[in-house]
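What follows is a set of notes on a single structure, which appears directly below.
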Amino acid sequence: MSLSTWDYTLFQNINQLAGMGTFLNPVMRFLAQDAEYLFYLGILFYWFTRSRSNRKMSILALVSACVGLGVSGIIGQVFYRDRPFVTHEVYQLIGHAANASFPSDHATGAFVIAASIWLYRKKEGTVWLLLALGVAFSRVWTGVHYPGDVLAGALLGTVSATAVYLSVKHWAFADKWLEAGIRLYEKLEERVWPKKTQPQPPTI
């Protein structure tokens, strides 16, 4: 069995579940269309915890997302692949433009953020990775991607996050400027949003 045949067969096995009218269809629609926003809201949340580590993580996550999605766009043009609903009869639960299917931008974006969080916060990152897995799976369930598309996106997102993280970790110059940028921001932030100071106990 060729790789493309295996990919299509697996797609059919998953996508046919959407035709059963199961209660999971609304969940899959949400994961396929709207869950990606949870990742960016999560990054905003971590940023405004005002923790230096969380802020570094947030910046690297966004940089990694730019890298991963940029590479995804190039791959999509070089190795163009039609979406399943273009060439096959599928159960399509969400609307989508008939553009490049490989790799999946949704899977790339979800996994690049989830992996970035996991590299700093293992327990919470595992939850984010499970959510990313749900996003990837839902894109096949709803008929807009082949399994190979989302697997490639997951791999691209994870590699992008890891590469950016290791680059900053082992390149002192990049880490120095990242820290300097955060400190500068925090000085400006402190002027408009001062941190609450804990009251000191009275001295006797």
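In what follows, residues are counted from 1 in the order of the sequence shown.
Atom CG of L129 is separated from atom OG1 of T158 by 7.0 Å, given to the nearest 0.5 angstrom. Put simply, OG on S101 and OH on Y80 are 8.5 Å apart, with the number rounded to the nearest 0.5 Å. For the atom pair L178 CG and K176 NZ, the distance stands at 13.0 Å (nearest 0.5 Å). Considering CZ of F137 and OG1 of T142, their distance stands at 10.5 Å, rounded to 0.5 Å. To the nearest 0.5 Å, atoms OG (S138) and CG (L24) are separated by 11.5 Å. In this structure, L38 CG and L31 CG are separated by 9.0 Å, a value rounded to the nearest 0.5 Å.
With sequence neighbours left out, F11 forms a ring pair (Phe, Tyr, Trp, His ring centres under 6.0 Å) with Y146.
Summarising the local packing, NZ of K122 is surrounded by more than 12 heavy atoms from other residues, nucleotides or ligands at distances under 6.0 Å. Heavy-atom contacts from other residues, nucleotides or ligands closer than 6.0 Å to OH of Y120 number more than 12. Around CZ of F45, the count of heavy atoms belonging to other residues, nucleotides or ligands within 6.0 Å does not exceed 12.
A107 and A154 make their closest contact through CB-N, 4.0 Å (heavy atoms, listed as atom of the first residue, atom of the second, distance). For the residue pair V86 and A98, the shortest heavy atom distance occurs at CG2-CB, 3.8 Å. Contact detail for A65 and Y40: the closest heavy-atom pair is CB-OH, 4.3 Å. Residues S160 and V67 share a closest heavy-atom pair of OG-CG1, 4.2 Å. The nearest pair of heavy atoms linking G109 to L69 is N-CD2, 4.1 Å. Across G148 and D7, no two heavy atoms sit closer than the pair N-OD1, 2.7 Å.
Side-chain contact between F39 and I117 is absent, with no heavy atoms from C-beta onward closer than 4.5 Å. A heavy-atom distance below 4.5 Å is not found between the side chains of Q16 and V90. Taking the side chain as every heavy atom from C-beta outward, E190 and R50 approach each other to under 4.5 Å.
Put simply, F48 and Y37 are part of two different groups of oily side chains (I, L, V, M, F, W, Y) that touch within less than 4.5 Å, one to the next. Placement of W177 and V168 in two distinct hydrophobic clusters is found when ILVMFWY residues are connected by side-chain heavy-atom separations under 4.5 Å, directly or transitively. Residues V127 and F30 do not share a hydrophobic cluster, defined by chaining ILVMFWY side chains whose heavy atoms lie under 4.5 Å apart. No continuous path of hydrophobic side-chain contacts links Y91 to M28 [ILVMFWY only; heavy atoms under 4.5 Å]. Residue V140 is grouped with residue M20 when hydrophobic side chains (ILVMFWY) are merged at heavy-atom distances under 4.5 angstrom, including chains of intermediate members.
No cation-pi contact links K169 to W171, judged by a cut-off of 6.0 Å to the six-membered ring centre and 45° from its axis. Relative to the six-membered ring of W141, R29 misses at least one condition, a distance below 6.0 Å or an angle of at most 45° to the axis.
Taking Ile, Leu, Val, Met, Phe, Trp and Tyr as hydrophobic and joining them when side-chain heavy atoms fall under 4.5 Å apart, one finds V159 in a cluster with L155.
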Just list the side-chain donor-acceptor pairs under 3.5 Å for residues 54-62, sequence neighbours left out, or say none.
| unit_1 | atom_1 | unit_2 | atom_2 | d |
| --- | --- | --- | --- | --- |
| N54 | OD1 | R121 | NH1 | 3.0 |
| N54 | ND2 | T49 | OG1 | 3.0 |
| R55 | NE | W47 | O | 2.8 |
| R55 | NH1 | E186 | OE2 | 3.4 |
| R55 | NH1 | E189 | OE1 | 3.0 |
| R55 | NH2 | W47 | O | 3.4 |
| R55 | NH2 | E189 | OE1 | 3.2 |
| R55 | NH2 | E189 | OE2 | 2.6 |
| K56 | NZ | D175 | OD1 | 2.9 |
| K56 | NZ | E179 | OE2 | 2.8 |
| S58 | OG | I43 | O | 3.4 |
| S58 | OG | N54 | O | 2.8 |

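Y8 and Q12 share a donor-acceptor pair across their side chains, judged by distance under 3.5 Å alone. Using modelled atom types and a 3.5 Å distance limit, the side chains of Y46 and E124 yield a donor-acceptor pair.
Using cut-offs of 30° and 60° for the angle between ring planes, the H96 and H145 rings count as perpendicular.
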Would V135 and E36 count as a side-chain contact (heavy atoms from CB on, under 4.5 Å) if you check the C-alpha gap in whole Å, the side-chain angles of each, and the deciding distance to 0.1 Å?
CA-CA 8 Å; V135 170; E36 65 174 328; 5.7 Å; no
Criterion side-chain contact (heavy atoms from CB on, under 4.5 Å) on I113 and W128, from CA distance to verdict:
CA-CA 8 Å; I113 298 295; W128 285 105; 5.6 Å; no
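A donor-acceptor contact shorter than 3.5 Å is absent between the side chain of S72 and the backbone of G68. For S104 (side chain) and V150 (main-chain N/O), no donor-acceptor pair under 3.5 Å exists by modelled atom type.
No salt bridge links D149 with R139; every basic N to acidic carboxylate O contact stays at or beyond 4.0 Å.
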